[in-house]
Amino acid sequence: MASATSSTPDTRQGGAEIHLPDTARDLVKILVTGPFGVGKTTLIRSVSEIRPLHTEERLTEASAQVDDLAGVREKSTTTVAIDFGRISLPGGIVLYLFGTPGQERFRALWDDIAYGALGALVLVDARRIDASFDVLGLVEESGLPYAVAFNTFPDAPRHHTPEQLRAALDLEPTTPMVTCDAREADSSIDALLALVQHLIDHRPAEPR
Ligand SMILES: Nc1nc2c(ncn2[C@@H]2O[C@H](COP(=O)(O)OP(=O)(O)O)[C@@H](O)[C@H]2O)c(=O)[nH]1
Ligand SMILES: [Mg+2]
């Protein structure tokens, strides 16, 4: 079941579009971002209650020069545009998920894709932390509140403490940092919920 609400049918496999649940109250645009091969497409596919929109292109000799294949040898495609999906959460919050490339060379696209977003879930691969510096720079520059989710890869180093990981990414103490398995809907939803809670806790004061 993709949706966190019990009444929403799972249509991920069937592909039929579904209507928003009657309980939908807050519609929120969220970026799911991170470096090449970190699991953005996988996460959006695992949680989306509508058939995810997904644009990919086969890796070519040209992109092999710029997309770092170290640690992701199994990949034969690279995302050149965006993924899109939707997930309804308890409490009437509906997230529209925009899977967004985090490489520096996509900077020109970034402002357009980020327009109207309330926050970002930044996926990080603990095997190649420095691959996340570009995207963290882009997110910080745009001023978007964000949460960091370490995606679980089997050969990820396990000896780092949370404090060391936080320091390596230069995160603020208040920035949520969780682990997830992007292949698992429940785990991915938990990561999104950590971001949503952060957005609720740090929402700007209502104008009087
Ligand atoms: N072991 C493991 N593999 C994953 C996980 N998430 C993604 N993958 C694999 O990693 C590769 C890259 O994932 P993808 O979603 O295409 O990355 P993207 O470039 O960020 O969209 C794919 O082969 C996925 O099957 C995960 O949580 N655990
Ligand atoms: Mg992708």
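Just follow the structure's listing: the first ligand is 1, and inside any ligand the first atom is 1.
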Quiz item: Going by distance only, is there an N or O of Val38 that falls short of 3.5 Å from an N or O of ligand 1?
Solution: yes
Quiz prompt | Residues Asp83 and Thr41: side-chain donor-acceptor under 3.5 angstrom | solution = yes
Practice problem: Please name the residue in the list Asp190, Leu123, Asp186 that meets the side chain to side chain contact (heavy atoms under 4.5 Å, CB included) test with Cys180. | Solution: Leu123
Self-check item: Numbered atoms and elements of ligand 1 in range of Asn151, under 4.0 angstrom, heavy atoms
Solution: 5 (C), 6 (N), 7 (C), 26 (C), 27 (O)
Exercise. Give a yes/no answer: is there an N/O/S atom of Thr42 under 2.8 Å from the Mg ion (ligand 2)?
Key: no
Self-check item: Worked check of side-chain hydrogen bond (donor to acceptor under 3.5 Å, both in side chains) between Ser88 and Glu49
Solution: CA-CA 8 Å; Ser88 304; Glu49 64 202 6; 2.6 Å; yes
Quiz prompt | Minimum side-chain heavy-atom gap Leu121-Ser188 below 4.5 Å | solution = no
Quiz item: Of the backbone atoms (N, CA, C, O) and the side-chain heavy atoms from C-beta on, which set of Asp181 has a member under 4.0 Å from an atom of ligand 1: side chain, backbone, both, or neither?
Solution: both
Quiz item: Who gets closest to atom 12 (C) of ligand 1 by heavy atom: Gly37, Ser187, Pro101?
Solution: Gly37
Quiz item: Can an N or O of Pro154 be found at a distance shorter than 3.5 Å from an N or O of ligand 1?
Solution: no
Self-check item: Greater than 12 external heavy atoms within 6.0 Å of Asp155's CG
Solution: yes
Quiz item: Do any nitrogen or oxygen atoms of Phe153 lie less than 3.5 angstrom from nitrogen or oxygen atoms of ligand 1?
Solution: no
Quiz prompt | Distance filter under 4.0 Å to Thr41 heavy atoms, resulting ligand 1 atoms | solution = 15 (O), 21 (O)
Self-check item: Contacting atoms of ligand 1, where contact means under 4.0 angstrom from a heavy atom of Ala182
Solution: 6 (N), 27 (O)
Quiz item: Taking only residues two or more places apart in sequence or in another chain, which ones pass side chain to side chain contact (heavy atoms under 4.5 Å, CB included) with Ala167?
Solution: none
Practice problem: Return yes when atom CD of Glu172 has more than 12 non-hydrogen atoms of other residues, nucleotides or ligands closer than 6.0 Å, and no otherwise. | Solution: no
